[in-house]
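Contents: one structure, followed by commentary.
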Amino acid sequence: MASLITLKERVYIAELMEKGEIGKEYVVAGWVDTVRVHGKLVFVVLRDRSGKMQVVAKKNISEDAWRTAKSLTPESVVAVRGVLVESKAALGGRELQAREIVVYSKAEPLPIDIHDHAKTVLAKRLDWRFLDLRNPRNQTIFLVEAEMARAAREWFASNGFVEIFTSKIVGAATEGGAEVFSIVYFDKPAFLAQSPQLYKQMGVIAGFERVYEIGPAFRAEPHHTTRHLTEYTSVDLEMGFIDSYEDVMDAVEGVVRAMVEAAVGRYRSRIEEYFPGAVLELPKKIPRITIREAYKLLEAAGVKVEWGEDLSSEAERKLGEIVEREYGSPIVFVTEYPWNARPFYTMKKPDEPEWTLSFDLLFRGLEIATGGQREHRYEVLRRQIEEKGLNPKNFEWYLAMFRYGAPPHGGAGIGLERVVMQTLGLSNIREARLLPRDPERLTP
RNA sequence: GCCGCGGUAGUAUAGCCUGGCCUAGUAUGCGGGCCUGUCAAGCCCGUGACCCGGGUUCAAAUCCCGGCCGCGGCGCCA
């Protein structure tokens with residue numbers, strides 16, 4: 001017999017729970033969250049993307065529907081037509097009394113526990129990512145990510161930035177390092193872009209003045225840590241006609257604030273429910289300290305630092321704690337990094353050339369963004385390439401841009417997954433990436 | 001890349017140090033039974049595992065070696 005249920009009739013569970021009419025018939029569809037079979041009574045919790053509700057099937061319905069109800073398995077996809085009734089005992093005070101049930105897809109016994117993410121190790125969960133994401137907690141991570149990306153685009157658009165799409169297949173490594181993936185491009189060697197850095201500078205110099213890109217970046221570093229991916233999403237921006245790198249920090253602060261506020265604004269209740277360690281708001285003004293001030297703070301706290309060197313990951317974590325305590329902020333800009341810790345295109349501090357006009361943004365002790373003012377003077381830039389031991393010949397097309405009118409400019413790159421991770425308080429960045437790639441993992 | 005830790009049913013774990021009492025325990029899942037108000041239902045019965053290869057030993061889940069795989073720390077970075 002043909003099904004009497006059509007999905008056109010379908011209503012979302014959240015809507016039904018909020019404003020469905022008691023006594024009326026409705027069709028809901030989704031995944032079977034749990035089944036509890038009693039003697040002459042079956043309780044089913046049905047889940048769609050809006051929420052969950054209880055469906056009850058009693059033995060006195062049609063023979064067919066009763067048999068179907070008894071044999072439901074968790075995570076099967078079903079549709080139910082039933083009458084909405086009040087029920088003191090049911091979750092949310094109402095439930096659907098089933099009349100008809102259609103099983104579109106019967107699920108086999110599950111290979112992982114999807115009700116509690118903590119009951120299965122992350123590696124196993126990732127092997128079964130499509131099931132792992134059925135868990136509303138895990139789904140929330142990607143709702144937050146999507147909202148952050150949307151908010152970033154909106155912020156960029158309303159601040160005069162043009163979205164660009166640069167090539168991820170490149171003929172030379174951006175910064176001369178060895179940390180790139182090699183690919184075969186017909187008969188030539190090529191690489192996966194580790195950053196759109198040089199191209200976004202091109203966007204500025206080409207006359208767009210302000211550009212941004214949200215896209216993949218590839219790093220061939222064999223990191224075995226909870227905060228590195230070999231492929232991640234970079235929120236990149238570059239802006240011309242700036243007075244100083246302070247202008248770039250203002251922009252980064254604007255985007256990051258927009259991202260966090262949008263995500264919390266839209267998903268506050270879900271975030272509070274599933275991520276008790278989440279950061280729900282950023283300070284009015286993100287503190288800015290120079291790295292030399294950071295060295296002092298760290299030394300005062302008994303942490304060993306090397307002046308003139310980059311901060312170690314331990315120092316960054318400690319600094320995060322100190323700033324939280326001293327400034328009451330989970331987030332801080334650290335500025336004026338030493339020249340030896342920065343790439344060739346960074347502008348040096350005019351009066352103190354061993355330091356640079358650059359910054360990192362540390363969120364709960366983890367670097368989530370890096371940026372600064374770029375060197376736009378041809379001769380100086382050329383010299384800096386040599387200073388870093390790189391061959392200017394490999395940067396000919398790039399250097400040429402600075403001989404035909406390049407405005408003072410600067411920019412930054414923000415790690416999207418890291419923002420998500422630190423906002424929600426995740427312990428592993430792989431959780432914040434739909435399909436994480438690390439030195440070992442290439443599937444799914 | 002360097003260093004450390006680990007691999008036991010579908011899942012998560014106990015046992016390993018101090019070899020035999022392991023016929024490998026527990027929870028959950030799965031199969032079956034009872035149950036008309038449960039809510040990750042309850043109770044009863046059942047099901048299912050020592051990563052691979054070699055070695056030591058009377059005896060190996062347990063000790064040793066090699067391999068494969070996983071996790072984490074560091075450097076570096078987003």
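None of the values given here were measured: they were computed from a predicted structure. Note: hydrogens, waters and symmetry copies are ignored here, and every other heavy atom, side chains too, is used. By convention in this document, chain letters (A, B, ...) are assigned in the order of the sequence lines, proteins followed by strands, and residues within each chain are numbered from 1.
Side-chain atoms of T230(A) and R441(A) include no donor-acceptor pair closer than 3.5 Å. Side-chain contact check for T140(A) and R270(A): at least one donor-acceptor pair (N or O, by modelled atom type) lies under 3.5 Å. Donor-acceptor pairing under 3.5 Å is lacking for the side chains of S62(A) and D64(A). Residues N135(A) and R137(A) have side chains that never bring a donor and an acceptor to within less than 3.5 angstrom of each other. T166(A) and K168(A) are linked by a side-chain donor-acceptor pair at a separation below 3.5 angstrom, with hydrogens and angles left out of the test. There is a side-chain donor-acceptor pair under 3.5 Å between Y398(A) and Q201(A). At a cut-off of 3.5 Å, with distance as the only test, no side-chain donor of Y345(A) or E375(A) sits close to an acceptor on the other residue. In the model, H224(A) has a side-chain atom that pairs as donor or acceptor with a side-chain atom of E440(A) under 3.5 Å. Counted by atom type alone, W339(A) and E387(A) present one or more donor-acceptor pairs between their side chains at under 3.5 Å.
Nucleic acid contact for S234(A): none, since no nucleic acid atom lies under 4.0 Å from a heavy atom of the residue. Residue L122(A) is out of contact with every strand shown, counting any heavy-atom pair closer than 4.0 Å. Using a 4.0 Å heavy-atom criterion, one finds that D438(A) contacts no nucleic acid atom at all. Residue contacts shown for A217(A) are absent, as no nucleic acid heavy atom lies under 4.0 Å away. In this structure, D310(A) reaches the sugar-phosphate backbone alone: every heavy-atom distance under 4.0 Å involves primed, P, OP1 or OP2 atoms, never a base.
A straight line from NZ of K88(A) to C1' of G37(B) spans 12 Å, rounded to a whole angstrom. One can place NE2 of H228(A) at 16 Å from P of G1(B), the figure rounded to the nearest angstrom. Protein atom CG of L442(A) is 11 Å distant from nucleotide atom P of G70(B), rounded to whole Å. Atoms OH (Y337(A)) and C1' (C77(B)) sit 11 Å apart, rounded to a whole Å. Across the protein-nucleic acid pair, R441(A) atom CZ and C68(B) atom P stand 19 Å apart, rounded to whole Å. Per the geometry, CD belonging to E440(A) stands 15 Å off C1' belonging to G7(B), to the nearest Å. As a whole-Å value, the separation of E431(A) CD from C71(B) C1' is 14 Å. Per the geometry, NE2 belonging to H117(A) stands 18 Å off P belonging to U11(B), to the nearest Å.
Rounded to the nearest Å, the gap between the C1' atom of U28(B) and that of C65(B) is 37 Å. Nucleotides U18(B) and U13(B) have their P atoms positioned 25 Å apart, rounded to a whole Å. C63(B) sits 11 Å from G20(B) when the P atoms are compared, rounded to a whole Å. U62(B) sits 16 Å from A49(B) when the C1' atoms are compared, rounded to a whole Å. Taking the P atoms as reference points, G29(B) lies 15 Å from U11(B), given to the whole Å. Rounded to whole Å, the separation between the P atoms of C17(B) and C77(B) comes to 45 Å. Atom name P, nucleotides A27(B) and A14(B): the rounded distance is 15 Å, in whole Å. Taking the C1' atoms as reference points, C51(B) lies 8 Å from C69(B), given to the whole Å.
Judged by closest nucleotide on RNA chain B, T120(A) is the one of T120(A) and V35(A) placed further toward the 5' end.
At a non-hydrogen distance threshold of 4.0 Å, E367(A), I368(A), A369(A), T370(A) from residues 363-375 of chain A come into contact with RNA chain B. A heavy atom closer than 4.0 Å to some atom of RNA chain B occurs in A123(A), K124(A), these being the qualifying members of residues 123-139 of chain A. Residues of residues 312-320 of chain A that place a heavy atom closer than 4.0 Å to RNA chain B, in numerical order, are S312(A), S313(A), E316(A), R317(A).
Proximity of V28(A) to R10(A): side-chain heavy atoms (C-beta onward) are nowhere separated by under 4.5 Å.
Only one option out of D132(A), I112(A), D113(A) pairs with K124(A) in a side-chain contact (heavy atoms from CB on, under 4.5 Å); it is I112(A).
Across every non-hydrogen atom of I101(A) and A69(A), the tightest pair is CD1-CB, 3.7 Å. Of all heavy-atom pairs between V334(A) and T290(A), the closest is CG1-C, 4.3 Å. Scanning both residues, F344(A) and Q384(A), for their nearest heavy atoms gives O-NE2, 2.6 Å.
Put simply, the side chain of R430(A) and the base of C71(B) share no donor and acceptor less than 3.5 Å apart. Side-chain N/O atoms of E108(A) and base N/O atoms of G10(B) include no donor-acceptor pair closer than 3.5 Å. Between the base of C74(B) and the side chain of H223(A) there is no donor-acceptor pair shorter than 3.5 Å.
A salt bridge does not link R317(A) to E321(A): none of the charged nitrogens lies less than 4.0 Å from a carboxylate oxygen.
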Test side-chain hydrogen bond (donor to acceptor under 3.5 Å, both in side chains) on E417(A) and Y232(A); report intermediate values, then the result.
CA-CA 7 Å; E417(A) 292 85 356; Y232(A) 69 94; over 6 Å; no
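Panel note: side chain R210(A), backbone N159(A); a donor-acceptor pair is recorded below 3.5 Å.
Nearest to the side-chain atoms of A89(A) among the listed nucleotides G75(B), G72(B), U38(B) stands U38(B).
When the side-chain nitrogen and oxygen atoms of N428(A) are compared with OP1 and OP2 of C71(B), none of them lie within a distance under 4.0 Å.
Stacking between F43(A) and G37(B) is absent: the ring centroid is not both under 5.5 Å from the six-membered base ring centre and under 30° in plane angle.
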Per-nucleotide protein contact along nucleotides 27-36 of chain B, 5' to 3', at a 4.0 Å heavy-atom cut-off (B base, S sugar-phosphate only, - neither), is ---S----BB
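For F208(A) and F161(A), the ring centers sit 6.0 Å or farther from each other.
Under the rule for a salt bridge (charged side-chain N to carboxylate O under 4.0 Å, His left out), the partners of R374(A) that lie at least two apart in sequence or sit in another chain are E238(A).
Stem analysis of RNA chain B (Watson-Crick or G-U pairs, both distances under 3.5 Å, runs of at least three) returns B:1-7 with B:68-74, B:10-13 with B:25-28, B:29-34 with B:42-47, B:51-55 with B:63-67.
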